[in-house]
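What follows is one structure encoded as structure tokens, with my remarks underneath.
All ligand and atom numbering here is 1-based and tracks the order in the structure.
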Amino acid sequence: MSQFRFSVGPWNVHEGRDAFGPEVRPSIAFAEKVKKFKAIGFSAVQFHDDDAVPKMNEMTDAQIRAAARDVRKILDDNGMAAEFVAPRLWEDPRTIDGGFTANDPKERDFAIWRGLRSVDIANELGADKIVLWLAREGTLCFESKNPVEGVNRLVEAINRILEYDKKIRVLIESKPNEPIDRSFCPTLGHVMAIGYRTVDPNRVGGLLESAHAILAGLDPAMEIAFALSFGKLWSVHLNDQNGLKYDQDKTFGVENLRQAFNEVRVLIENNYGSKGEYVGLDVKAMRTQKLAESYQHLRNSLQIFKMLEEKARKFDYAFQAKCIAERNYEVLEMYVLEHLMKA
Ligand code: 3MF
Ligand code: MG
């Protein structure tokens with residue numbers, strides 16, 4: 001049994017397209033995914049705005065809200081909650097140069113429109129969180145944008161969302177690169193700093209994704225701890241990543257088991273989840289996976305998380321304290337490795 005509640009996005013069961021090849025599996029309908037997520041052990045779904053309302057760009061604000069209500073019904077019918085809505089500001093031709101930080105003011109207006117519609121959709125789905133994964137908010141060519149203005153524009157965009165709805169909370173999902181080369185908000189430290197510059201810092205927090213921390217050369221468990229110390233870790237995207245390459249979204253724990261253990265341990269020790277926070281898994285199945293097995297990576301991630309939870313509960317804190325008192329960190333480290341390896 002886990003002390004946590006888990007969440008997942010519809011994009012985590014996908015058709016297998018990557019940067020070098022097209023889809024290799026047929027699409028699975030949203031309602032079917034939700035049913036399966038529930039059966040596997042998830043209790044909430046995460047959304048992009050257009051996961052909930054696919055043709056939203058061609059719809060009026062009222063039509064968007066009505067379409068979101070239909071999605072709410074699917075969630076209710078399956079006993080599932082909505083955790084957050086994230087505006088997808090990286091696919092539309094109007095977001096080629098960024099969303100909130102595009103050089104063209106008309107494109108920035110479009111990004112804000114999507115941000116505010118995400119709030120409407122969240123309200124219809126019963127979620128109070130907006131996640132901003134700032135995919136193209138940075139540069140491909142350093143000299144193409146004023147980097148100070150870029151950060152200022154992020155603050156202004158978040159302010160617009162906070163002012164539009166006095167109850168909504170904004171979580172920034174930091175990522176250092178990809179699809180852009182240099183990000184305006186690469187780590188949780190940047191997230192905290194930007195949050196404090198907004199009109200309502202109490203409603204701005206962070207979402208840490210393990211792979212994104214690794215891509216910044218950081219240990220995700222340390223990033224988790226940093227945000228927790230500010231009371232600002234409001235969601236996580238646990239997954240794994242083999243070093244500095246493209247964002248892999250591997251099954252949680254498969255590459256860096258000790259690091260994954262420490263992510264779980266830090267979450268448990270600091271009562272993550274006690275204010276309703278979910279443990280989100282942002283994992284992708286390998287492209288080689290067959291249709292019938294397209295949920296295996298989710299099952300595996302949950303199982304590994306729960307096994308590490310068990311390891312964290314059995315961690316010998318008295319022995320850890322003894323090692324710390326004696327400053328014998330070699331022995332402490334060996335204990336951790338033996339603890340993880342023993343049956
Ligand atoms: C990209 C991601 C995204 C975000 C998602 C919600 C596909 O690296 O991690 O997942 O998590 O867009 O913000
Ligand atoms: Mg993510």
Side-chain angles (χ1 to χ4, degrees), residues 6-19 33 42 44-54 56 82-92 95 98-100 111 114-115 117-119 121-122 125 127 129-138 154 157-158 161 168-188 191 204-216 218 220 223-224 227 233-242 244-252 263 277-285 287 297-298 301:
F6 299 92
S7 61
V8 61
W11 64 84
N12 293 118
V13 173
H14 69 120
E15 296 80 12
R17 179 163 48 94
D18 69 14
K33 287 184 185 178
F42 291 94
V45 180
Q46 312 176 333
F47 290 89
H48 294 119
D49 49 1
D50 57 4
D51 288 327
V53 185
M56 61 183 292
E83 184 192 4
F84 66 66
V85 177
R88 197 196 298 270
L89 298 179
W90 53 92
E91 282 191 6
D92 192 275
T95 58
F100 302 137
R114 289 285 292 251
R117 295 302 69 74
S118 294
V119 175
I121 295 169
L125 296 180
K129 297 189 184 97
I130 297 299
V131 165
L132 301 178
W133 170 47
L134 302 169
R136 298 191 192 276
E137 315 298 3
L154 289 181
I158 296 166
I161 296 173
I168 210 78
R169 293 196 283 162
V170 175
L171 287 62
I172 305 175
E173 177 176 353
S174 50
K175 182 173 179 180
N177 63 294
E178 202 202 21
I180 35 85
D181 181 25
R182 295 168 169 89
S183 164
F184 291 138
C185 187
T187 70
L188 278 184
V191 169
V204 185
L207 180 156
L208 185 274
E209 172 161 324
S210 320
H212 299 176
I214 295 167
L215 287 169
L218 300 172
E223 283 275 271
I224 284 174
L233 189 73
W234 296 348
S235 191
V236 289
H237 269 173
L238 300 187
N239 56 16
D240 215 344
Q241 169 76 25
N242 176 24
L244 302 182
K245 42 176 76 100
Y246 64 95
D247 187 342
Q248 297 183 301
D249 295 335
K250 287 188 169 213
T251 291
F252 180 57
E263 289 176 68
E277 304 93 340
Y278 289 94
V279 172
L281 295 170
D282 196 1
V283 291
K284 288 214 177 73
R287 194 161 186 263
H297 61 304
L298 289 172
S301 294

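For atom 13 (O) of ligand 1, the nearest protein heavy atom (residue, atom name, distance) is E173 OE1, 3.0 Å. Of all protein heavy atoms, the one closest to atom 10 (O) of ligand 1 is D282 OD2, 3.1 Å. The nearest protein atom to atom 12 (O) of ligand 1, hydrogens excluded, is given as H48 NE2, 2.6 Å; this is a heavy-atom distance.
By the side chain to side chain donor-acceptor pair (under 3.5 Å) test, Q241 is found to be paired with no residue, residues two or more places apart in sequence or in another chain being considered.
H48 pairs in a ring pair (Phe, Tyr, Trp, His ring centres under 6.0 Å) with only one of the listed residues (W133, W90, F84), which is W90.
Every atom of ligand 1 is numbered from 1 in the order shown, and the set under 4.0 Å from a heavy atom of W133 is 1 (C), 3 (C), 8 (O), 12 (O), 13 (O). Atoms of ligand 1 lying under 4.0 Å from at least one heavy atom of H237, given by number and element, are 11 (O). Per-residue contacts place K175 under 4.0 angstrom from the following atoms of ligand 1 (heavy atoms of the residue considered): 1 (C), 8 (O). For ligand 1, the atoms sitting less than 4.0 Å from at least one non-hydrogen atom of V131 are 13 (O), numbered in the order shown with element in parentheses.
For K33 (side chain) and P10 (main-chain N/O), a donor-acceptor pair under 3.5 Å exists by modelled atom type. For E178 (side chain) and D247 (main-chain N/O), a donor-acceptor pair under 3.5 Å exists by modelled atom type. For the pair D49 (side chain) and R88 (backbone), a donor-acceptor distance under 3.5 Å is present.
Proximity of H212 to ligand 1 is established by a heavy-atom distance of less than 4.0 Å.
The N/O atoms of W90, backbone and side chain alike, include none that comes under 3.5 Å of an N/O atom in ligand 1. On a distance-only criterion, K284 and ligand 1 share no N/O pair closer than 3.5 Å.
Counting only heavy atoms from C-beta outward, the side chains of E277 and L233 never approach each other to under 4.5 Å. Using a 4.5 Å heavy-atom threshold, the side chains of L134 and I172 count as touching.
When all heavy atoms of V191 and G205 are compared, the closest pair comes out as CG1-O, 3.5 Å. Closest approach of N12 and L281 over heavy atoms only: OD1-O, 3.4 Å.
Defined by atom type and a distance below 3.5 Å, a donor-acceptor pair is missing between the side-chain atoms of E223 and H212.
Around the Mg ion (ligand 2), protein N, O or S atoms at less than 2.8 Å number 4.
Within the 4.0 Å heavy-atom criterion, neither part of E178 lies near ligand 1.
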Exercise for the section: Quick one: do N239 and D282 satisfy side chain to side chain donor-acceptor pair (under 3.5 Å)? Show the steps, please. Expected result: CA-CA 6 Å; N239 56 16; D282 196 1; 5.0 Å; no
